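Computed from a predicted model, the values in this text were never measured in an experiment.
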Amino acid sequence: MAGTAAIPIVGKVAITGAAADEKIRIGFSQCTLNHPWRVAQTNVNKAYADTNLKDVELVITDGNNDSGKQVSDIENLIAQGPKVLIVSPLTADALTPIVRQAMEAGIPVVTLDRKVNTKVTCHIGALNLPIGAAAAALLAKKLGSKGAIIELQGTAGASATTDRNKGFVDELGKTPDLKIVATQNCDYTRDKAVKFMEDMVQRFGEGQIQAVYAHNDEMALGAIQVLEGAGRLKDVLVVGIDGQNNAIEAVAAGRLTATFVYPFCAPEGVEYAYRIAKGEKVPEVVLLESLAITSENAKDMIGKGI
């Protein structure tokens, strides 16, 4: 299953050539590698460094979906004296103090995807609020502004989760007959989404659920799995976010209503970190574009996702 993908790159990325002490050391703290989107984010940044930045020593750590572990990882990276830190934070509150510590120590920080509650040198990501709003608008249009929705939220406290929920809920406020009847934090993982949805198909009978809004494709695919098993997918619209290849294929096949591409900030992460390390001034915020994938364009997008 995609949600259990492993990645054999934790630790130093070997780059041949000059001696290690001539390298520009860049630390990359990844919050977790238990998800294909995170694996893609890490692999593409690594591949870019391998191919294009021969004077870089990239040190990658895996927080294992644990804020405490990620804080410890960053402490260890700081101790290695990097020129720049790349951080893809698990949750904002837990990672804010250590990121602030790095900035105060004069180590520039680039955050990817999720934010922290302190100033960083550069943040790279797409806007999650509009994605959430677009998902709500799409469901309102398809459901005729009336229906019951289950929301599968990501990790509690993550900025992406907060914004994907808020954008969706705020837009739903325009259609009072379209309501969220159940919601759960499923940590962006398929297995937790499956367990929750199994409970939901028992709680809500046929015709009582019209849609599922999942904060990412892994959870959306988990919802589809349960709904198909219960013989109820034909009556329920499912929307995800990320733009995984298997989700795009599901849209093309008519199993998933839509997915919204969330760029995985690669190779922009290591690219901007390198520019900072070389003394260049970069924007404080780098916004990447999202794209809605529906039945209208899914066939053209197959193979172009994660």
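- Separation of atoms CZ (Arg164) and CD (Glu151) is listed at 11.5 Å; rounding is to 0.5 Å.
- Donor-acceptor pairing under 3.5 Å is lacking for the side chains of Gln153 and Thr161.
- A donor-acceptor pair under 3.5 Å links the side-chain atoms of Asn45 to the main chain of Val270, judged by distance alone.
- Across Leu172, Ile241, Leu152, Ile150, a single residue satisfies side chain to side chain contact (heavy atoms under 4.5 Å, CB included) together with Tyr213, and that is Ile241.
- Phe168 and Val181 are assigned to two separate hydrophobic clusters, defined by single-linkage of ILVMFWY side chains at heavy-atom distances under 4.5 Å.
- Leu288 is listed as a side-chain neighbour of Val286, based on a closest heavy-atom distance under 4.5 Å.
- Between Pro108 and Leu85, the closest side-chain pair of non-hydrogen atoms is not below 4.5 Å.
- No donor-acceptor pair under 3.5 Å is formed between the side chain of Asp73 and the backbone N or O of Gly68.
- Contact check for Met197 versus Val212: side-chain heavy atoms found under the 4.5 Å cut-off.
- With contacts defined as side-chain heavy-atom distances shorter than 4.5 Å, the pair Thr294/Thr257 does not qualify.
- The residue from Asn246, Thr259, Asn245 that alone fulfils the side-chain hydrogen bond (donor to acceptor under 3.5 Å, both in side chains) condition with Asp217 is Thr259.
- Both Phe28 and Ile24 belong to a common hydrophobic cluster when Ile, Leu, Val, Met, Phe, Trp and Tyr are linked at side-chain heavy-atom distances under 4.5 angstrom.
- Within 6.0 Å of atom CD in Glu280, more than 12 heavy atoms from other residues, nucleotides or ligands are found, so the atom counts as buried in its surroundings.
- Checking Thr189 against Asp187 by side-chain atom types alone, no donor-acceptor pair falls below 3.5 Å.
- Side chains of Val110 and Leu112 form a contact here, defined as non-hydrogen atoms less than 4.5 Å apart.
- Checking side-chain atoms of Lys179 against main-chain N and O of Thr175 turns up no donor-acceptor pair under 3.5 Å.
- Looking only at atom types and distance, the side chain of Asn52 has no donor-acceptor partner in the side chain of Tyr274 under 3.5 Å away.
- Leu53 and Tyr272 fall within the same hydrophobic cluster, where Ile, Leu, Val, Met, Phe, Trp and Tyr residues are linked whenever their side-chain heavy atoms come under 4.5 Å apart, directly or through other members.
- Grouping the Ile, Leu, Val, Met, Phe, Trp and Tyr side chains by contacts below 4.5 angstrom, directly or via other members, places Ile107 with Ile98.
- Side-chain contact check for His35 and Asn216: at least one donor-acceptor pair (N or O, by modelled atom type) lies under 3.5 Å.
- Under the 3.5 Å distance criterion, with hydrogens and angles disregarded, no donor-acceptor pair is assigned to the side chains of Thr91 and Asp93.
- In this structure, Arg38 forms no cation-pi arrangement with Tyr188, as its terminal cationic atom is not both closer than 6.0 Å to the ring centre and no more than 45° off the ring axis.
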